[in-house]
Every structure is written in C-alpha cells, then in structure tokens.
There are 2 protein chains.
Amino acid sequence: MFVGFERPLSCHSCRISSLCLPLGLNADDLYKLDEFIQRKKPLQPREGVYFSGDPFTSVYAVRSGSIKCFCIDSDGREQVTGFYFPGEVFGWDGLADEQYQKTAIALETTSVCQIPYEQLDELGNSIPSIQRYMMKLISREINADQRLIALLAGSSAQQKLSSLLLSISDRRALQGLSSTRIWLPMSRGEISSYLGLTVETVSRVLGHFQRNKYLSVNKKEIEILDKQALRDLMHSTEEVE
Amino acid sequence: MFVGFERPLSCHSCRISSLCLPLGLNADDLYKLDEFIQRKKPLQPREGVYFSGDPFTSVYAVRSGSIKCFCIDSDGREQVTGFYFPGEVFGWDGLADEQYQKTAIALETTSVCQIPYEQLDELGNSIPSIQRYMMKLISREINADQRLIALLAGSSAQQKLSSLLLSISDRRALQGLSSTRIWLPMSRGEISSYLGLTVETVSRVLGHFQRNKYLSVNKKEIEILDKQALRDLMHSTEEVE
DNA sequence: CGGACCTTTGAAGACATTCAAGGCCTGTGG
DNA sequence: CCACAGGCCTTGAATGTCTTCAAAGGTCCG
C-alpha cells in the first residue's frame with residue numbers, strides 16, 4: 001500500500017494525505033481500494049508516465065522518486081507546471097477533457113501507483129468517504145496551484161527559489177528524510193522553467209544564497225544552513241543586503 | 001436555472017459546462033439538483049460572497065456580473081487569483097481544508113447561485129453522473145490554473161495582457177455578448193495583480209496596443225480591432241512592434 | 001466645487017534576461 | 001587509460017523589460 005501524509009505545507013505540493021488512515025475507511029473498504037491499485041515496475045529516469053494528448057485513464061501516486069509535469073507552449077519551450085514527490089498524487093489534468101493536458105515523466109528512478117479512474121469512480125459511488133476524499137485531493141491540487149500563481153505573480157527570483165527550496169525541504173521531511181540536507185532531482189533548467197526564471201538567474205540566486213550562508217550548494221545537493229533567513233526573505237519586500 | 005456553456009477556451013476560465021444538458025441527467029435528477037440551489041439576492045459592487053478563513057459550505061455559480069477571488073499575501077498586498085464570469089463556478093478553494101482560502105467579492109452588481117456542498121455531495125452519491133460532473137468541474141479549474149501558471153511563468157507583459165483580453169473576449173462571446181466590444185469589470189490594479197505586473201505596466205501596454213491599432217481603449221471599455229495581432233503576439237517570441 | 005481614487009505618462013533605476021565564454025562532469029570511443 | 005564530445009552549470013558584461021518614484025489628468029461622488 002502506498003502511504004502518504006497529512007497536509008500540504010506551502011505551494012508546490014499536493015499530497016495524498018494518507019489514503020488509508022484518516023477518513024474512516026474500514027479494513028474492508030481499504031481492501032477494495034487497495035485491490036485495483038496497480039504498482040507498476042519502476043520507471044527509469046526520463047521515462048514517461050503519460051503524455052500530453054493521451055486518453056485519460058488513471059491518476060497516479062508517487063511511491064518513491066519524483067515526477068515532473070510539463071507542457072510545451074506555443075513557442076516550443078517546455079513549461080514545467082509541477083514536481084511531485086512520494087505521497088503526492090498527479091494526473092488530474094486529464095480529467096476535465098478526458099485526455100491528459102500535460103506530460104509526466106520521472107526525474108529519477110521512480111515508482112508510482114496507478115489508480116484507474118474508472119474504478120476509483122465506481123468505488124467512490126459505493127463508498128462516500130472515498131468520493132469525498134478524492135474531491136479533497138483534487139481541491140488540494142487547486143490550492144497548490146493557486147499558491148504557485150501567487151508566487152509567480154508577486155515574487156522576486158530570491159523569493160521564488162526560497163519558496164521552492166523550503167517546500168521541498170518540508171516535503172522531504174514528511175518522507176522522514178532530512179529537512180536540511182536535500183537532494184534536488186530536477187535540473188536547474190527545470191527549476192527555472194517552473195519558477196518563470198532563466199537558468200542563469202537560478203544559478204546566480206543559488207550562488208547568492210551560498211555566499212550569504214543561507215545554503216551550501218553542491219550541484220544537486222543542497223544543505224539549508226539558515227532556514228529562517230529563507231523564510232524571512234518571503235515575508236518582507238525589503239531585505240537584508 | 002443557471003445556464004452555462006461548453007469548454008474553456010484558454011486559461012483564466014473555469015466554466016460550468018451547462019449543469020443541465022450534456023451529462024445525461026434526466027428531468028428528475030435535474031429537478032433534485034435545482035431544488036436546493038439558492039439564488040441569492042444580487043450582490044452590490046465590492047460585496048463579498050465569502051471571506052478567507054470562513055468555513056467552507058458551498059460553491060457558487062455566477063449568473064450575471066462578475067467575481068474576483070484574491071488573497072492577501074505575506075507583505076499585505078492583494079493577490080488576485082481569478083476572475084469569474086456568468087456560467088463559471090468558484091469556491092473550490094475551500095474544499096480541501098474545509099475553509100475558504102480566498103476571498104470572493106463582486107466586481108459589479110452580480111448575482112450568484114449558491115450550491116451547498118453538503119447537499120451536492122449527497123446528491124452526487126445517489127446520482128453518479130452528478131458526481132462525475134462535479135469532478136470535471138474541479139478538474140477544469142485545475143487546468144485553468146495551470147494554464148495561468150504557464151502564462152505567468154513564461155510570458156511578457158504584452159503576452160499576458162493579450163491572453164487575458166482574448167480570454168475575456170471569448171467568455172463574453174459565450175454569454176452571447178460581443179467578442180470585440182468588451183467591458184472590463186475590474187480595475188487596472190486588479191488586472192495587474194492577476195497578471196503579476198504593476199498598474200503602470202498594464203496601462204502602458206494598453207496604450208501600446210492602442211497605438212498599434214490592436215485595440216481601442218476607453219477606460220473600461222475595450223474594442224478589439226485586430227484579434228489576430230493579439231493572437232500572434234502570444235505564439236512568437238519575436239514580435240512586430 | 002473639492003477630494004479621493006483610478007489612470008496615465010515620464011524619467012530613473014533595478015532586476016532579470018540575453019549573449020558569450022568557460023568549467024565541470026559523464027559517457028563514449030580510440 | 002586518455003581524449004573528446006556533449007550536457008549541464010556557472011560567471012561576466014551588456015542589454016532590456018518592467019518597476020519604482022513622481023506628478024499630473026480624469027472621473028466619480030460627496
């Protein structure tokens with residue numbers, strides 16, 4: 001059974017809040033749900049889960065590893081719309097029009113659970129708590145997206161990076177991993193696309209954070225040295241040098 | 001009964017695709033649904049529908065007028081996350097955590113239908129098509145949000161404005177109104193917040209569009225003179241000045 | 001008529017981008 | 001094992017877009 005955790009902490013994330021525990025599912029219901037969830041064999045790095053235009057069949061929960069969702073916009077550039085870590089659910093973008101709007105690929109060796117929507121839907125019809133839970137999951141994606149909108153619309157490069165790093169830190173912590181030593185599965189280019197910046201800017205801001213001893217950066221390994229400084233960065237328009 | 005239309009056309013919108021017609025609801029189901037939808041008395045301009053922190057009770061459909069949703073971010077500035085026009089549904093932001101994350105207010109004299117979620121949920125349990133429809137509605141909000149994310153992350157001021165104007169134009173057309181002569185219910189400040197720009201930039205870009213004969217602008221009345229030019233603007237990185 | 005608010009416009013400045021070059025790491029083939 | 005090609009990341013300098021600051025014109029409403 002894939003296990004998740006409670007509550008998203010900031011933007012960037014839409015967690016499955018433990019499909020098992022908190023919603024009053026009894027063992028029987030749980031078993032039914034578990035029954036049709038498919039554990040696919042691990043995905044290789046860059047391997048796709050679904051592609052833009054594919055017919056919508058399922059949503060997915062990350063078990064281990066990480067996923068990025070993106071689309072190609074009119075001028076041919078890849079636009080990343082989300083990163084998903086263990087315990088988080090992705091794939092709702094296909095529901096509205098019965099085909100996926102985005103492409104989802106693994107950033108590293110990753111395993112996901114496939115949850116066929118047809119069956120989830122049927123199960124939801126017989127078990128209201130499942131239905132209600134599903135709605136909350138989707139709604140959570142909306143909240144995460146809208147927080148990202150606020151971030152993109154109203155923040156500086158430093159604030160954006162800071163927000164993303166803190167979010168990943170929190171999400172890693174939920175997996176029981178260190179919240180200060182984190183490993184970024186995505187490239188600088190993917191970060192920059194997600195945050196609406198350029199690679200150079202991402203690189204420079206990371207350099208700046210490092211010089212200020214907020215972080216220590218070693219390629220994709222980041223150690224957060226001063227979490228409070230990063231948090232402060234986000235709550236004020238004026239900033240320490 | 002509030003009536004809606006099919007398919008969102010771009011970002012910025014999450015339409016209710018006619019709660020009545022396309023989903024195989026029979027007259028009976030329809031009656032049940034209609035029964036508990038509350039038509040509230042018209043809202044005055046700036047009057048609130050719900051406020052950030054209020055307990056979640058309902059989603060709302062715009063019948064006439066327009067709504068903006070926004071939150072106040074850490075530095076006290078208002079961050080607009082969406083505009084909603086007739087036929088569109090808002091309020092899902094409250095579902096995940098059982099309280100509204102945003103504040104929703106009327107931009108003009110506006111009437112909305114209140115759809116109590118508790119009852120909608122119960123109805124959904126007995127009528128699967130309603131349930132399924134509800135999921136699609138939410139999913140549509142996700143798609144709209146993600147398109148907005150792509151717009152905010154990857155576009156210039158001109159592209160952002162252009163995208164918003166075209167979207168409003170299309171949505172107005174769905175109401176049977178002119179798609180070229182449109183009236184903006186929101187202020188420049190609200191537009192700028194939504195698009196992640198400043199008022200001055202919005203004003204300048206509108207001026208620029210006007211000088212280029214893409215638009216004719218008279219305060220909140222906009223006439224689109226060259227829709228293709230606006231569309232072209234969005235699909236190329238290089239542009240005719 | 002007066003004041004508040006919204007909008008426009010200008011000039012200066014900041015922040016992020018663009019362009020360019022070099023470094024580092026990885027994998028491949030000699 | 002080393003050489004080399006190709007990513008990816010970093011750094012610098014110049015440019016540009018958007019913002020900030022400032023002021024003035026409009027409009028609405030008392």
Side-chain angles (χ1 to χ4, degrees), chain A residues 44-46 68 75 77-80 107-108 151-165 183-212 215-222 233 236-241, chain B residues 44-46 68 75 77-80 107-109 151-162 164 183-212 215-222 233 236-239 241:
Chain A
Q44 293 305 306
R46 332 288 324 150
K68 79 163 169 180
D75 49 350
R77 278 182 334 203
E78 174 180 312
Q79 173 60 55
V80 177
L107 289 169
E108 55 192 309
L151 185 72
L152 290 172
S155 310
S156 67
Q158 294 197 9
Q159 291 174 319
K160 289 175 179 177
L161 237 331
S162 170
S163 167
L164 178 61
L165 292 174
W183 185 78
L184 304 177
M186 69 293 279
S187 70
R188 301 290 193 265
E190 287 158 342
I191 293 175
S192 68
S193 168
Y194 180 66
L195 295 178
L197 300 168
T198 59
V199 258
E200 294 95 328
T201 300
V202 169
S203 181
R204 274 186 256 269
V205 172
L206 287 177
H208 175 77
F209 283 171
Q210 183 157 233
R211 258 172 272 118
N212 286 30
L215 305 175
S216 126
V217 181
N218 182 358
K219 335 186 298 167
K220 299 192 164 183
E221 277 172 16
I222 305 274
L233 215 45
S236 72
T237 171
E238 206 57 50
E239 211 42 48
V240 277
E241 112 285 15
Chain B
Q44 293 305 306
R46 332 284 332 147
K68 79 163 170 181
D75 48 352
R77 277 181 335 204
E78 175 180 311
Q79 174 59 55
V80 176
L107 289 169
E108 55 194 308
T109 302
L151 184 72
L152 290 172
S155 309
S156 67
Q158 295 197 8
Q159 291 174 317
K160 290 175 180 177
L161 238 330
S162 170
L164 179 60
W183 184 80
L184 304 177
M186 69 293 277
S187 71
R188 302 289 193 266
E190 286 158 343
I191 293 176
S192 68
S193 168
Y194 180 66
L195 296 178
L197 301 168
T198 58
V199 258
E200 294 94 329
T201 299
V202 169
S203 179
R204 274 187 257 269
V205 172
L206 287 178
H208 175 76
F209 283 171
Q210 183 157 234
R211 257 172 272 118
N212 286 32
L215 304 175
S216 128
V217 180
N218 181 359
K219 343 187 290 168
K220 297 192 164 182
E221 277 172 16
I222 306 274
L233 215 45
S236 73
T237 171
E238 205 58 50
E239 212 40 51
E241 102 277 19

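In this text the structure is predicted, and so the values were computed from the model without any measurement. Lettering of chains follows the sequences in order, A, B, ..., and the numbering in each one begins at 1.
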Could you pull out the closest heavy-atom pair between B:S193 and A:A153, with the gap in Å? O-CB, 3.9 Å
Just report the end-to-end axis angle for the helix from C:dC1-D:dG30 to C:dG30-D:dC1, five pairs per end, to 10 degrees. 30°
Contact check, side chains of A:V202 and A:T198, non-hydrogen atoms, under 4.5 Å: no
Rounded off to whole Å, could you give me the CE-to-C1' distance for the A:M186 and D:dC9 pair? 16 Å
List the steps, then state whether side-chain contact (heavy atoms from CB on, under 4.5 Å) holds for B:T201 with B:L195. CA-CA 11 Å; B:T201 299; B:L195 296 178; over 6 Å; no
N-O pairing of B:R46 and B:E190 below 4.0 Å: yes
Are B:E78 and B:K68 within salt-bridge range, i.e. N to O under 4.0 Å? yes
Figure out the NZ/C1' separation between B:K160 and D:dT19, and round it to whole Å. 12 Å
B:R77 side-chain N/O to A:G154 backbone N/O, donor-acceptor pair under 3.5 Å: yes
When the distance from NE2 of B:H208 to C1' of C:dT9 is rounded to whole Å, what number comes out? 16 Å
Run B:E221 and B:L184 through side-chain contact (heavy atoms from CB on, under 4.5 Å) and show every step you take. CA-CA 6 Å; B:E221 277 172 16; B:L184 304 177; over 6 Å; no
Rounded distance (Å) that lies between atom P of C:dT8 and atom CD1 of B:I191: 9 Å
If you apply the rule side-chain contact (heavy atoms from CB on, under 4.5 Å), what do you find for B:F209 with B:Q158, and how did you get there? CA-CA 9 Å; B:F209 283 171; B:Q158 295 197 8; 4.0 Å; yes
If only side-chain N and O atoms of B:T201 are considered, is one of them under 4.0 Å from the OP1 or OP2 phosphate oxygen of D:dT19? yes
Whole angstrom is fine here: how far is it from CZ in A:F209 over to C1' in D:dT11? 18 Å
Should B:V199 and B:I191 count as side-chain neighbours, where that means a heavy-atom distance under 4.5 Å? no
Between C:dT8 atom P and B:R211 atom CZ, what is the distance in whole Å? 11 Å
When rounded to the nearest 0.5 angstrom, what distance separates CD in A:E108 from CH2 in A:W183? 4.5 Å
Collect all protein-nucleotide pairs involving nucleotides 6-8 of chain D in which both atoms are nitrogen or oxygen and the distance is under 3.5 Å.
none

In whole Å, I'd like the distance from the CG atom of A:L197 to the C1' atom of D:dT10. 16 Å
Minimum-distance nucleotide (side-chain atoms of B:S156 versus C:dT8, C:dA16, D:dC18): D:dC18
Quickly work out the B:L215 CG to C:dT7 P distance and round it to whole Å. 16 Å
Name the pairs: protein N/O against N/O of nucleotides 21-27 of chain D, kept only if under 3.5 Å.
unit_1, atom_1, unit_2, atom_2, d
D:dC21, N4, B:E200, OE2, 3.1

Verdict with supporting geometry, A:L161 and A:L197, side-chain contact (heavy atoms from CB on, under 4.5 Å): CA-CA 10 Å; A:L161 237 331; A:L197 300 168; 4.2 Å; yes
Using a heavy-atom cut-off of under 4.0 Å over every strand shown, decide if A:G189 touches base, sugar-phosphate, or nothing. sugar-phosphate
